[in-house]
K.L.:
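Supplied in structure tokens, the structure appears directly below.
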Amino acid sequence: MAQPDLSDPVAAAEYGYEQGWTDGLPVVPPTAARLDQFLAAAGRPADDVAATMTTIGRSCTVETAAVNAIMAGCKPEYFPVVLAALEGLSDDDRYNYYGSSASTGSAAHLVLVNGPIRDELEINYQGNCYGPGFRANATIGRTIRLLNLNVFGMTPGVLDRSTQGQPAKYTLCFGEYEEASPWEPLHVERGFDANTSTVTVLPCRQPGMVGLHDVGDPEQVLRVFADTLTGLGLIGGGETFIVFSPEHAGIVGKSGWSKQQVKEFLFEHAKRPAEDLHAVGIGERAAAGTMVHRGQSPDDFVLIVAGGDAGGHSSYMPSWVGRSVTRPIRVP
Amino acid sequence: MAEGEHAAGPAASFERPFEQAFEAGWTDGLPVVPPTQARLDEFMAQTSRAPDEIITAMEPIGRACTVEKAALNSILAGCLPQYLPVVLAALQALNDPSAMFHTHVASTGGAAQLIVVNGPIRERIGMNGGANAFGPGNRANATIGRAVRLVIHNVLGMKPGLGDQSTQGQPGKYTLSFAENEEASPWEPLSVERGIAEGSSAVTVMGIRPMQMMANPTARTPEQVLRTFGDDMMRIGTWARGAGGGGHSALILCPEHTAIFAKAGWTKAQVKEFLYESTARLIDDFLDVGKESDIERGERVHRGRGPDDILLVVAGGEAGAFSSFAPNWGGPVTVAIEGE
């Protein structure tokens, strides 16, 4: 094939498509000069292993990760966040990178950022934190997907067996709105210093919304969350990230309850009689007369705050075939 | 950009137009294709509409989008020229008052635009209605939905924190367009059900709250599948009586669940009726957590006003028993695609 005239931006973008480097959206064709900037931002050797998908025996070097971060549209200073996320995905004891990427359940890889780096990189944790408009959010999450497609061979319909997929598979990265939380932020809960920046990754089913505008009592608000998590198409299984909007966090915070107390309340109330499941042909392992919960224990509820100050809209993000992992972000 | 600015050679500079587009604020946070006049000409050749024709408007803020601006944003999004008629049809659908375009875009609820494509154009432009239909990997799916979002940002000025007051938003706001998997459906396509001639292509657009996935891998009967869906649709944090368009719902059925209905010989109307009945829930459950209602204790409430408020679409891969529920925030509106 003839070398295209890459000084024409349309030709440059089409070149990326022709090479099959994309998720369907335009990529920035990488240059050697740009790659040097990314490697400098990483402070790690180019041939260091950045991520591993053990099940299929594939891995990705820091250099390959950088090339895909460039294509995704990242700035060099975002790259340490990407590398910390890849460390988390590669934690075989918890995450199940291959299984969650390949499963018909259509998981996305959620990337949550805590600590001072949120503001340094302008990672949005306020209004529209899951949606478009913010380069760091958009491109950090997208880098994970490009690696899945370009390095790990997770082509839809081939190794990626997603039945329907979900839009979060393009990108889902946001910060915790630590300042609006009545509790310690997630990374502090998980043993990191408040001034350390971290990434938490979760293999994530489609996030659902909890809409609630006319209730002001903390226990009643939590009962609505519990009810919303016990639909028969969702109940059972692993972790659930509860992402409280600032408005809902403020109401729940009035209870004066600790995070642990809130988790225990949610676990206690997010349950259904086994007979409800049996009636729709599921839950055969649960004996009649017992209750089936969302999650296995209170610790399966992970509490986070994010979103704009206005609006009674929170979310739940259920895990899929793996568990969340938190890793520190290392900026050289 | 001035001629000769790339004198150092393309390798040194071809990323610059992409950075300049970021700096100009033309993007949703992801790279865009900076448009050229030659590219715009290719796009405009795909439509018989005049460049200055208004294709959609947001009356409450006095802003409108012309065909040419829609084409420019389709280029930015990464569309191929032949996708333009689909983008234009989607924008035209959003201009229908029942789509409540400005309301759903501005709302704290963080709505996305669900765009379903029917008819022969699906094949012609290679849209995906099979495995991973909502996810990345297909250019037409990815860029058609994105073009609509870029029009909302760049032409209508509804950016987050400005006109767009989304509390949390949703990833579907980047893009959410896919084809109906008509081949896996025992029923008439969505477009035909909604009045478009068989063999013609059309888009159906809805403003939606985040979709949720509904799993039932072991159900064997239509009743079991639909009771699962009805139960999920009536969770307290999900249910919104009378919100946007009277509580329409889009059910996107995976082929495996669809096959259960086909095997049992159920019509679309039967599925809708049984599903509507399956959404019945005692109002007491809502009142008990402090929700306000003028409905008496002991009465049951449903999702929507009746079975016709439910849209059934088939999409997804052959493997896996995962369907999705998209709660409505405007629409649905179906529009034929020009030239199809």
Side-chain angles (χ1 to χ4, degrees), chain A residues 6-7 9-10 12-13 23-26 28-29 31 34 73 104 127-135 138 145 156-157 160-170 172 205-212 214-215 217 220 223-224 227-228 231-233 245 280-282 307-308 310-311 313 315, chain B residues 6 10-11 14-15 17-18 28-31 33-34 36 39 78 108-109 131-139 142 159-161 166-174 176 209-216 218-220 224 227-228 231-232 235-237 254 289-290 292 316-317 319-320 322 324:
Chain A
L6 297 180
S7 66
V10 171
D23 49 9
L25 297 171
V28 179
T31 61
R34 189 78 166 158
T104 50
N128 201 39
C129 53
Y130 312 150
F134 306 91
R135 184 172 180 176
R145 178 54 44 189
D160 175 342
R161 305 297 300 176
S162 294
T163 302
Q164 294 186 324
Q166 56 166 315
K169 290 178 69 178
Y170 286 97
L172 178 53
R205 276 175 64 146
Q206 275 185 16
M209 186 190 275
V210 181
L212 186 65
D214 45 1
V215 177
D217 173 76
Q220 288 184 327
R223 284 170 63 194
V224 172
D227 182 89
T228 307
L232 294 173
S245 68
V280 298
I282 60 173
H313 307 282
S315 320
Chain B
H6 302 299
F14 65 59
E15 72 204 23
F18 294 92
D28 51 9
L30 295 170
V33 180
T36 58
R39 193 65 161 168
T108 53
N132 200 40
F134 310 156
N138 177 286
R139 184 172 182 174
K159 294 195 174 184
S166 297
T167 303
Q168 296 183 326
Q170 54 172 306
K173 289 177 69 175
Y174 285 97
L176 181 47
R209 288 163 56 140
M211 286 192 294
Q212 56 194 74
M213 188 174 91
M214 303 179 295
N216 189 329
T218 45
R220 289 292 168 263
Q224 288 175 330
R227 285 193 183 113
T228 306
D231 192 86
D232 274 7
R235 308 328 301 163
I236 298 173
C254 67
V289 294
E292 290 167 13
F322 304 100
S324 297

K.L.:
Is the shortest side-chain N to carboxylate O distance from A:Asp23 to A:Lys169 below 4.0 Å?
P.N.:
no
K.L.:
At a heavy-atom separation under 4.5 Å, does B:Phe18 approach chain A through its side chain, its backbone, both, or neither?
P.N.:
side chain
K.L.:
Has B:Asn216 got a side-chain atom pairing as donor or acceptor with A:Gly233's backbone, closer than 3.5 angstrom?
P.N.:
no
K.L.:
Closer than 3.5 angstrom, by distance alone: can the side chain of B:Asp232 be matched with the main-chain N or O of A:Leu232 as a donor-acceptor pair?
P.N.:
yes
K.L.:
Who wins among B:Thr36, B:Leu176, B:Thr167 for the most heavy-atom pairs under 4.5 Å with chain A?
P.N.:
B:Thr167
K.L.:
Looking at A:Ala310, A:Gly208, A:Pro207, which makes the most heavy-atom pairs under 4.5 Å with chain B?
P.N.:
A:Ala310
K.L.:
Top residue by heavy-atom pair count (under 4.5 Å) with chain B, among A:Arg135, A:Gln220, A:Arg161?
P.N.:
A:Arg135
K.L.:
Can you give me the closest heavy-atom contact between A:His313 and B:Thr108, atom names plus distance?
P.N.:
NE2-OG1, 3.1 Å
K.L.:
Considering only heavy atoms and a distance below 4.5 Å, find which of A:Leu172, A:Ile282, A:Val10 pairs most often with chain B.
P.N.:
A:Val10
K.L.:
I'd like to know if the side chain of A:Thr163 reaches the main chain of B:Ala319, judged simply by a donor and an acceptor atom lying under 3.5 Å from each other, with no hydrogens or angles considered.
P.N.:
yes
K.L.:
Testing B:Gln168, B:Lys173, B:Lys159 for side-chain hydrogen bond (donor to acceptor under 3.5 Å, both in side chains) with A:Asn128, which one passes?
P.N.:
B:Lys173
K.L.:
When only pairs under 4.5 Å are counted, which of B:Arg39, B:Gln212, B:Arg139 shares the most heavy-atom pairs with chain A?
P.N.:
B:Arg139
K.L.:
Who among B:Pro160, B:Ala133, B:Gly317 has the most heavy-atom pairs with chain A under 4.5 Å?
P.N.:
B:Pro160
K.L.:
For chain B, which candidate among A:Leu25, A:Asp214, A:Asp227 shows the most heavy-atom pairs at distances under 4.5 Å?
P.N.:
A:Asp227
K.L.:
Has A:Gln206 got a side-chain atom pairing as donor or acceptor with B:Met213's backbone, closer than 3.5 angstrom?
P.N.:
yes
K.L.:
Heavy-atom pairs under 4.5 Å with chain A: which of B:Pro210, B:Pro136, B:Gly135, B:Ala131 has the most?
P.N.:
B:Pro136
K.L.:
Which of the residues A:Gly127, A:Pro132, A:Ala168 is involved in the greatest number of heavy-atom pairs with chain B at under 4.5 angstrom?
P.N.:
A:Pro132
K.L.:
Name the option with the most non-hydrogen atom pairs under 4.5 Å to chain A; the candidates are B:Arg220, B:Arg227, B:Met211.
P.N.:
B:Met211
K.L.:
Does any N or O in the side chain of A:Thr228 come within less than 3.5 Å of the main-chain N or O of B:Gly237, such that one atom is a donor and the other an acceptor?
P.N.:
yes
